[in-house]
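Here the structure comes first, spelled out in C-alpha cells, and everything after it is commentary.
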Amino acid sequence: MGKGQRAAQAYKSTEFVEQVRDEDGLVVSAADPFKEAPLSSSSLLQDGDKRRSNTSAEAEARTPARAERKHELEAVPSLILVTTYLSFLMLIVFAHLRDFFGKLFYPHNYVQLRVQNGLAPMVSDFESLWTRRLYGRIRDCFNRPITGVAGGHVRLLERVSRDFNATFEFTGRVRGVLNLASYNYLGFAQSDGPCADAVEAAMQGSGVAQASVRAEAGRTRLLVETEELVARFVGAEAALLVSMGYATNALNIPALVGRGSLIISDELNHSSLVAGARLSGATIRVFRHNNTKDLEAVLRRSIAQGQARTHRPWRKILVVVEGLYSMEGEFCRLPEILALRRQYGFYLFVDEAHSVGALGPRGRGICDHFGVDPRDVDVLMGTFTKSFGAAGGYIAGSRALVDFLRLHSHSAVYAEAMAVPVLAQVSSSMRMIMGEDREHALEGQQRLDQLAINARYFSTRLAAMGFMTMGDEGSPVVPLLLFSPAKIPAFSRECLKRNIAVVVVSYPATPIITGRVRFCISASHTREDLDYALAQISEIGDLLLLKFHKSVTEEDGTKKEQ
C-alpha cells in the first residue's frame with residue numbers, strides 16, 4: 001500500500017468538514033473528504049473563517065450564550081455544597097477511625113509510618129492518610145494501562161484487584177473503548193498516515209537520537225529547521241525546543257528571573273509553572289484565577305511597595321498565565337492582560353501547552369483565537385504532547401530572548417537534544433496545519449475545523465441535557481461537575497462498563513467541592529462516537545442524579561429545569 005493510500009485510509013476514519021453536514025456541523029454522509037490540494041492555504045483560511053462564522057451564528061441563534069451558563073454555574077445549589085462537604089467529612093472521620101484501630105490490631109501494616117533504626121519515615125502519617133484511605137479506594141479509576149496508539153479509540157488492558165486496589169492483576173483481555181481521556185486534540189497521534197511516514201523516513205536518514213546535548217553534538221539541521229518552523233507557526237522571531245514539556249517551564253523560568261524579581265502567577269497555573277517559579281528564587285505572588293481586576297490590584301500593590309525590607313524597585317515583574325486551563329476548559333483573558341501590560345510595563349509569559357494547535361482559526365493558539373499580535377507577548381511557551389502527537393515543548397519570543405536561553409537555560413545546556421522521530425512528527429504535523437505540505441494541504445485545516453465543531457457540539461449537548469459544565473465556548477476540554485466524592489469513582493466505573501474511557505479529577509487537583517470528569521474532545525471523533533458517548537453519559541447522569549442545570553430543552557428556546 002502506497003503512502004497516499006495509507007494516509008487516505010487512516011484519514012477517512014475521522015470524517016472531516018468537506019463532507020455533508022447537519023445543522024450542528026457534524027458529518028451525516030460518508031463521502032470522500034479528499035480533493036486536489038490547492039497551491040496555497042490562503043483560500044482555505046478564508047473558507048474556514050466563513051464556515052466558522054456561519055456555524056457560530058447558527059449556534060448563537062439556537063442556544064443561550066455560554067456566558068449565561070457560566071453565571072448559572074457560579075450559583076451552585078446549597079444542598080449540593082452541604083452534602084459534598086459532609087461526604088468528605090465522613091470519609092476523613094472514617095479514615096482516622098480505621099487508622100486508630102488498625103494501629104492497635106494490625107501494627108505491622110503501619111511500620112513504614114514509624115521511625116525505624118533511627119531513620120525518619122519517608123512520609124508522615126497525616127500526609128499519607130489521603131493516599132492510603134481515600135485515593136487508594138478508587139485507584140482503579142486512574143493509570144489504566146493501554147496498548148497501541150491513543151487515538152479516537154484505544155485498547156485497554158483489563159485488570160482486577162483482589163485486595164481493595166493495593167495490587168492489580170491483568171486478566172489477559174483487551175477492550176476497545178472510546179477515548180475521551182487523551183489530549184490528542186487534532187488526531188495526529190496515529191501509527192499510519194503522512195506523519196508516520198515522515199517519522200519513518202527521518203529515522204532511516206538520521207537515526208533515532210544524537211545522544212548529546214545541543215551545546216555539544218546535538219545541534220542538527222533537522223533541529224534548526226524545526227525551530228525555525230515553530231517560530232513561524234507561532235508568529236515569533238525565534239524558538240528554542242526542549243525535549244520535555246514539564247522541563248520547558250521548570251528549567252526556563254529560572255533563567256529568566258531570579259532574586260530581586262517578582263513573579264505574579266494565576267492561582268490555577270500548572271505545577272510545572274509553579275516548580276519553575278520556586279526554582280527561580282524570585283518573589284512569588286498569586287492572583288485569583290482569570291481575574292484581571294485582582295491582577296491589577298496585585299500589580300499596583302507590588303509596584304508601590306517594591307521589594308521586601310529594602311522597598312527597592314523590582315528588577316523584573318513577570319506575569320505567568322496559561323492560554324487554556326486544562327482543568328477548567330477556560331481561556332485566559334489575554335486582551336485584558338495585554339492592556340494591563342501596556343499600562344504597567346511587566347513581562348508576560350503565556351503557557352500554551354493546551355491551546356497551541358487547538359485554538360484559533362489557523363490553530364496558532366490563544367493569540368490567534370483573540371486576534372492579537374503574538375509579538376505583544378514576551379514569552380510564548382507550548383508543548384507538542386497534545387495537538388501535535390509528539391513530545392517536548394518550545395519557548396518562542398524575540399531572537400535576543402532565545403539566544404539568551406540557549407546559553408543560560410539548563411534545558412539547552414544540560415538536557416539532551418530532541419530525538420529525530422519527535423522532530424519529524426512535530427515538523428510534519430505543523431506543516432500540515434500550516435498548509436505547507438502540498439500533498440496533504442487540506443488535512444490540517446480540516447482537522448482544526450472538525451475539532452472546533454466537535455467541541456461545540458459536545459459541550460452544547462451536555463448543557464442541553466441538564467449537566468453542569470464548565471469552560472469557554474470552543475474549548476476542546478469540557479469539564480462536567482460531579483461534586484460528591486462518591487460520584488467521582490462511580491462515574492468513571494459506569495463509563496468503563498459502557499466502553500468509554502474518561503478522566504475523573506478530585507481534590508487536591510481541584511477545589512474540594514468541584515470534583516469533575518474532564519472530557520477531552522478530538523478531531524478524530526466521529527458523529528457516531530460523540531452521539532454514543534452523549535447517550536451513555538445521559539444514562540449515567542440519570543443514574544447518579546447529576547442533571548441539575550437549567551438549560552434549553554425546547555425548540556423555541558424557553559428554559560425549564562430538569
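Computed from a predicted structure; not experimentally measured.
Proximity of a side-chain donor or acceptor of Gln190 to a complementary backbone N or O of Gly389 within less than 3.5 Å is not detected. Put simply, the side chain of Ser398 gets close to the backbone of Leu401: a donor and an acceptor are under 3.5 Å apart. Formation of a donor-acceptor pair under 3.5 Å by the Arg498 side chain with backbone atoms of Glu494 is found in this model. The main-chain N or O of Asn179 is found under 3.5 Å from a side-chain atom of His525 such that the two form a donor-acceptor pair. Side-chain atoms of Asn269 do not come within 3.5 Å of backbone N or O of Ser265 as any donor-acceptor pair. Looking at Thr514, its side chain never comes within 3.5 Å of a backbone N or O of Thr510 through a donor-acceptor pair. Looking at Glu322, its side chain never comes within 3.5 Å of a backbone N or O of Glu352 through a donor-acceptor pair. Judged purely by atom type and a 3.5 angstrom limit, Asp368 uses its side chain to pair as donor or acceptor with the backbone of Arg362. The closest donor-acceptor contact from the side chain of Ser429 to the backbone of Gln425 lies under 3.5 Å. Between the Lys386 side chain and the Ala353 main chain, no donor and acceptor come within less than 3.5 Å of each other.
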Report task. Before giving the answer on side chain to side chain contact (heavy atoms under 4.5 Å, CB included), spell out for Arg493 and Cys141 the whole-Å C-alpha distance, their side-chain angles and the decisive distance to 0.1 Å. Result -> CA-CA 7 Å; Arg493 291 163 182 163; Cys141 299; 3.8 Å; yes

**Report entry** Check against side-chain hydrogen bond (donor to acceptor under 3.5 Å, both in side chains), Tyr457 and Arg527
**Finding:** CA-CA 9 Å; Tyr457 175 79; Arg527 170 65 179 270; 3.3 Å; yes

Report task. Decide side chain to side chain contact (heavy atoms under 4.5 Å, CB included) for Ile253 and Ile263; before the verdict, give the C-alpha distance in whole Å, the side-chain angles of both, and the deciding distance to 0.1 Å. Result -> CA-CA 10 Å; Ile253 291 178; Ile263 295 177; 4.0 Å; yes

Report task. Starting from the C-alpha separation in whole Å, work towards a yes-or-no answer on side chain to side chain contact (heavy atoms under 4.5 Å, CB included) for Thr292 and Phe287. Result -> CA-CA 8 Å; Thr292 53; Phe287 68 95; over 6 Å; no

**Report entry** Audit row: Asn499, Lys497, side chain to side chain contact (heavy atoms under 4.5 Å, CB included) steps and yes/no
**Finding:** CA-CA 6 Å; Asn499 292 326; Lys497 289 179 183 177; over 6 Å; no

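Contact check on Glu228 versus Arg232 returns no salt bridge, with no Lys/Arg side-chain nitrogen under 4.0 Å from an Asp/Glu carboxylate oxygen. Looking at Lys293 and Glu296, no side-chain N of the basic residue comes within less than 4.0 Å of a carboxylate O on the acidic one, giving no salt bridge. Note on Arg288 versus Asp266: no salt bridge recorded, every NZ/NE/NH1/NH2 to OD/OE distance being 4.0 Å or above. Taking a cutoff of 4.0 Å between a charged side-chain nitrogen and a carboxylate oxygen, Arg516 and Glu328 qualify as a salt bridge. Using a 4.0 Å cut-off between charged side-chain N and carboxylate O, Asp542 and Lys547 make a salt bridge.
Between Ile264 and Ile317, some side-chain heavy-atom pair lies under the 4.5 Å cut-off. Within the 4.5 Å cutoff, side-chain heavy atoms of Phe491 are placed close to those of Ile540. With a 4.5 Å cut-off on side-chain heavy atoms, Leu380 and Pro374 count as touching. Between Phe233 and Ile433 the shortest side-chain heavy-atom distance falls below 4.5 Å. Between Leu496 and Leu156, some side-chain heavy-atom pair lies under the 4.5 Å cut-off. Proximity of Phe346 to Leu299: side-chain heavy atoms (C-beta onward) are separated by under 4.5 Å at one or more points. Counting heavy atoms from C-beta on, the side chains of Asp378 and Phe349 never come closer than 4.5 Å. No side-chain heavy atom of Leu324 sits less than 4.5 Å from a side-chain heavy atom of Glu330.
Counting non-hydrogen atoms of other residues, nucleotides and ligands closer than 6.0 Å to CZ of Arg155 gives a total of 12 or fewer. The number of heavy atoms from other shown groups lying within 6.0 Å of OH (Tyr507) does not exceed 12. Applying the 6.0 Å contact sphere to CG of Asp373 captures more than 12 heavy atoms from other residues, nucleotides or ligands. Shown here is Tyr347, whose OH atom has no more than 12 heavy atoms of other residues, nucleotides or ligands within 6.0 Å.
Below 30°, between 30° and 60°, or above 60°: for Phe384 and Tyr394 the angle between ring planes is between 30° and 60°, a tilted geometry.
Here the closest heavy-atom approach between residue Val149 and residue Val154 is recorded as O-CG2, 4.1 Å. Between Asn184 and Gly151, the shortest heavy-atom distance links the atoms ND2-CA, 3.6 Å. Pairing each heavy atom of Val321 with each of Cys332, the nearest pair is CG2-SG, 4.4 Å. Nearest heavy-atom pair, Val356 versus Ser387, reported as atom, atom and distance to 0.1 Å: O-OG, 3.1 Å. Nearest approach of Pro479 to Val477, heavy atoms of both residues: CD-O, 3.5 Å. What you find for Val298 and Val286 is that their closest heavy atoms are CG2-O, 4.1 Å.
The closest side-chain donor-acceptor pair between Asn249 and Asp351 falls under 3.5 angstrom. For the residue pair Ser475 and Asp472, no side-chain donor N or O sits within less than 3.5 Å of a side-chain acceptor on the partner. If you check the side chains of Ser492 and Arg144, you find a donor sitting under 3.5 Å from an acceptor.
To the nearest 0.5 Å, the span separating CG on Leu530 from CG on Leu178 amounts to 7.5 Å. Put simply, CZ on Arg518 and CE on Met470 are 12.0 Å apart, with the number rounded to the nearest 0.5 Å. Distance check, rounded to the nearest 0.5 Å: CG of Leu442 to CG of Asp437 gives 11.0 Å. Atom CG of Leu546 sits about 10.5 Å away from atom CD1 of Ile537, to the nearest 0.5 Å. Interatomic distance, CD of Glu443 versus SG of Cys195, reported as 8.5 Å (0.5 Å rounding). The distance from the CZ atom of Phe331 to the NE2 atom of His369 is 4.5 Å, given to the nearest 0.5 Å.
Between Tyr325 and His289, the distance from one ring center to the other falls under 6.0 angstrom.
Shown here are the side-chain hydrogen bond (donor to acceptor under 3.5 Å, both in side chains) partners of Glu227, two or more places apart in sequence or in another chain: Arg214, Arg406. Taking Ser522 as the reference, Ser524 meet the side-chain hydrogen bond (donor to acceptor under 3.5 Å, both in side chains) condition, with sequence neighbours excluded.
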